[in-house]
Asker: 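Just passing along the structure, written as structure tokens.
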Amino acid sequence: MDEGQARELLGFLHLDTRPDIKGQATGYILGLTGSVEGRMLLAGRPDFLEALLLLTGDRSLAVVKDSYHSLINLSVAAATHGALAKGLPALLHRLLDPGYAFADQVCTLLSNLSREEATCRQVFRAVQEEGLGLAQVLEAFCTEGYNKKAALHYLGPLLSNLSQLPETREFLLDRSRCVVQRLLPYTLYEASAIRRGGVIGTLRNCCFEYKYHEWLLGAEVDLLPFLLLPLAGPEEFPEAEMERLPVDLQYLPQDKQREKDPDIRKMLLEAVLLLTATKAGRQLVKEKGTYLVVRELHQWETEPDVLAACEKLIQVLIGDEPEAGMENLLEVKIPEDVEEQLQRLDREEERQQRQQEMQSEGPGAQMGSQGLSR
């Protein structure tokens, strides 16, 4: 599509354009966003992005649907986030409107936008500035049937992305509120892996705050059983070992199944590993028989990434205590050359992941908030 064709197409993307022509134009754009080349072309055109945002308020439901799906596909690319962030106020109000028919599309779009830290901060600020607040987002997430027309499962990844920010973790871990406790049952939520994975990602991010570990592991929250139960299978243990486990993990039925999604299993293991960062946390995690669950998981697991996460945790659970001054594993000083090498590996892994996402042409929204829609 050359510049002349682009200008002609853009001329049709107005609210006052004749409905049939406007529908053809948005349908054509949706088709473009289904290919890598089309997404790359439109990602560099803020004028098209702003026009599509405007058309999410059109009278035609077909135009609105196509516009949202195009924006979801385009929002996979971080290059689009600056232009799309201009629509945050309207998008957030629609998201939390219990009667809005396209709240699921809004939710998926916001999940994609909030994945990058810079735009994540913009989403967080917009939530505060629009007078909505994280409490209202959490209420929508935890209220069954909040919106009769939308499942809102992608609020899970949105919360997970927002919990990258210390301000969000501070809200979730506020001891004077019952916030993080409301999320715990969703670690076993069978109706949606998207919602379940989003909650577990949120809990994992909260576990970076080591000053809360004893509280999270204590009776007031009792986080550990909610992380271990999805990892547990139907194995029987000797009586002495069984008694070491939390009550919720004892005498599980023969048809007990582990979490099916390997990415979620990995996040659960990472959360438990984070809880072992301090000496007090390690002691509490070890006392609850965590090694028994992880040992059986390791024998059952076939995914290499999850096996590696298992082995890291097992090393901590059965290894010697760190030497004096290194008890807090999150505060250990890493040599500069090692840190640079780790950062380089992280950047390379992220680059490869983005490359794979841009090459993906399959329909449907994907875990990790990178949604493609048709």
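The figures that follow rest on heavy atoms only: side chains count, while hydrogens, waters and symmetry mates do not.
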Asker: Restricting to non-hydrogen atoms, name the atom on L172 and the atom on C206 that form the minimum distance, rounded to 0.1 Å.
Answerer: CD1-SG, 3.8 Å

Asker: Could you walk me through whether R265 and E259 pass the salt bridge (Lys or Arg N to Asp or Glu O under 4.0 Å) test, one step at a time?
Answerer: CA-CA 6 Å; R265 293 198 300 273; E259 167 60 53; over 6 Å; no

Asker: Is there a chain of hydrophobic side chains (I, L, V, M, F, W, Y, each step under 4.5 Å between heavy atoms) that links L109 to L32?
Answerer: yes

Asker: Show your reasoning for whether side-chain hydrogen bond (donor to acceptor under 3.5 Å, both in side chains) applies to Q254 and E236.
Answerer: CA-CA 9 Å; Q254 287 300 309; E236 295 182 7; 3.1 Å; yes

Asker: CG/L138 to CG/L183 distance, rounded to the nearest 0.5 angstrom?
Answerer: 5.5 Å

Asker: Do F124 and T168 make a side-chain contact, defined as non-hydrogen atoms from C-beta onward lying under 4.5 Å apart?
Answerer: yes

Asker: Is the side chain of Q299 donor-acceptor paired with the backbone N or O of E296 at a distance under 3.5 Å, no angle test?
Answerer: no

Asker: Are any non-hydrogen side-chain atoms of F102 and R94 less than 4.5 angstrom apart?
Answerer: no

Asker: Evaluate the side-chain proximity of M267 to E270: yes if any heavy-atom separation is below 4.5 Å, no if none is.
Answerer: yes

Asker: Are Y291 and V247 grouped together when hydrophobic residues (ILVMFWY) are joined by side-chain heavy atoms under 4.5 angstrom apart?
Answerer: no

Asker: Is there a donor-acceptor pair closer than 3.5 Å between any side-chain N or O of R182 and the backbone N or O of E139?
Answerer: no

Asker: For V63, is there any backbone N or O sitting under 3.5 Å from a side-chain donor or acceptor partner on S60?
Answerer: yes

Asker: Between K256 and A232, is there a donor-acceptor pair closer than 3.5 Å when you use the side chain of the first and the backbone of the second?
Answerer: yes

Asker: Of all heavy-atom pairs between L158 and L110, which one has the smallest distance, and what is that distance?
Answerer: CD1-O, 3.8 Å

Asker: Do the non-hydrogen side-chain atoms of H14 and T17 ever get within less than 4.5 Å of each other?
Answerer: yes

Asker: Within 45° of the six-membered ring axis of Y189 and under 6.0 Å from that ring's centre, is NZ or CZ of R195 located there?
Answerer: yes

Asker: Within a reach of under 6.0 Å around CD of E214, are more than 12 heavy atoms found that belong to other residues, nucleotides or ligands?
Answerer: no

Asker: Any heavy-atom pair between the side chains of L223 and C207 that's under 4.5 Å?
Answerer: yes

Asker: For the pair D263 and K266, evaluate salt bridge (Lys or Arg N to Asp or Glu O under 4.0 Å) and give the outcome as yes or no after the intermediate values.
Answerer: CA-CA 5 Å; D263 292 328; K266 184 170 179 280; over 6 Å; no

Asker: Before we go on, tell me: are the rings of F141 and Y146 under 6.0 Å apart, centre to centre?
Answerer: no

Asker: If you measure from OG on S70 to CZ on R39, what distance do you get to the nearest 0.5 Å?
Answerer: 11.0 Å

Asker: Tell me whether the count of non-hydrogen atoms from other residues, nucleotides or ligands lying under 6.0 Å of CD in E170 goes above 12.
Answerer: no

Asker: Between Y212 and R169, is a side chain to side chain contact (heavy atoms under 4.5 Å, CB included) present by the stated rule, with each step listed?
Answerer: CA-CA 11 Å; Y212 291 96; R169 297 197 295 272; over 6 Å; no

Asker: Taking all non-hydrogen atoms of both residues into account, name the closest pair between S111 and Y154 and its distance.
Answerer: OG-O, 2.9 Å

Asker: Rounded to the nearest 0.5 Å, what separates atom CG in L284 from atom OG1 in T276?
Answerer: 11.5 Å

Asker: Decide yes or no for R177 and F171: does some side-chain heavy atom of the first lie under 4.5 Å from some side-chain heavy atom of the second?
Answerer: yes

Asker: How close do V294 and L317 get, heavy atom to heavy atom, and via which atoms?
Answerer: CG2-CD1, 4.5 Å

Asker: Between Q315 and E311, do the side chains contain an N or O donor and an N or O acceptor separated by less than 3.5 Å?
Answerer: no

Asker: Which heavy atom of A193 sits nearest to which heavy atom of I264, and what is that distance?
Answerer: O-CD1, 3.7 Å

Asker: According to the interplanar angle, ranging from 0 to 90°, do the rings of Y100 and Y68 count as parallel (below 30°), tilted (30 to 60°) or perpendicular (above 60°)?
Answerer: perpendicular

Asker: So if you build clusters from Ile, Leu, Val, Met, Phe, Trp, Tyr with side-chain heavy-atom gaps below 4.5 Å, do F237 and L224 land together?
Answerer: yes

Asker: Do W300 and L297 come close enough that some side-chain heavy atom pair is under 4.5 Å?
Answerer: yes

Asker: Would L42 and T33 satisfy side chain to side chain contact (heavy atoms under 4.5 Å, CB included), going step by step from the backbone distance to the final call?
Answerer: CA-CA 8 Å; L42 293 171; T33 66; 3.8 Å; yes

Asker: Just do the side chain to side chain contact (heavy atoms under 4.5 Å, CB included) check on H298 and I314 with the steps written out, would you?
Answerer: CA-CA 9 Å; H298 186 266; I314 288 171; 4.1 Å; yes

Asker: For the residue pair R196 and Y186, what are the closest heavy atoms and their distance?
Answerer: CG-O, 3.3 Å

Asker: Is S163 reaching over with its side chain to a backbone N or O of N205, donor-acceptor style, under 3.5 angstrom?
Answerer: no

Asker: Could you go through the side chain to side chain contact (heavy atoms under 4.5 Å, CB included) check for L229 and T187 one step at a time?
Answerer: CA-CA 9 Å; L229 189 54; T187 60; over 6 Å; no

Asker: How long is the gap from CG on D104 to OG1 on T108, to the nearest 0.5 Å?
Answerer: 6.5 Å

Asker: Checking the side chain of R258 only, and the main-chain atoms of L231 only, is there a donor and an acceptor separated by less than 3.5 Å?
Answerer: yes

Asker: Taking L155 as the starting point, is it possible to reach V179 by hopping between hydrophobic residues whose side chains are less than 4.5 Å apart?
Answerer: yes

Asker: Between CD of E287 and CZ of R244, what distance do you get to the nearest 0.5 Å?
Answerer: 9.5 Å

Asker: Got a donor-acceptor contact below 3.5 angstrom from the D66 side chain to the L30 backbone?
Answerer: no

Asker: Are any non-hydrogen side-chain atoms of L165 and R121 less than 4.5 angstrom apart?
Answerer: yes

Asker: Just verifying a value: how many Å separate S67 OG and L53 CG, rounded to the nearest 0.5 Å?
Answerer: 9.0 Å

Asker: Is a side-chain N or O of T202 found less than 3.5 angstrom from the main chain of S160, in a donor-acceptor match?
Answerer: yes

Asker: Would you check if the side chain of Q250 reaches a backbone N or O of M242 as a donor-acceptor pair within less than 3.5 Å?
Answerer: yes

Asker: Counting distance only, does the side-chain N/O of E167 pair as donor-acceptor with the main-chain N or O of R125 below 3.5 Å?
Answerer: no

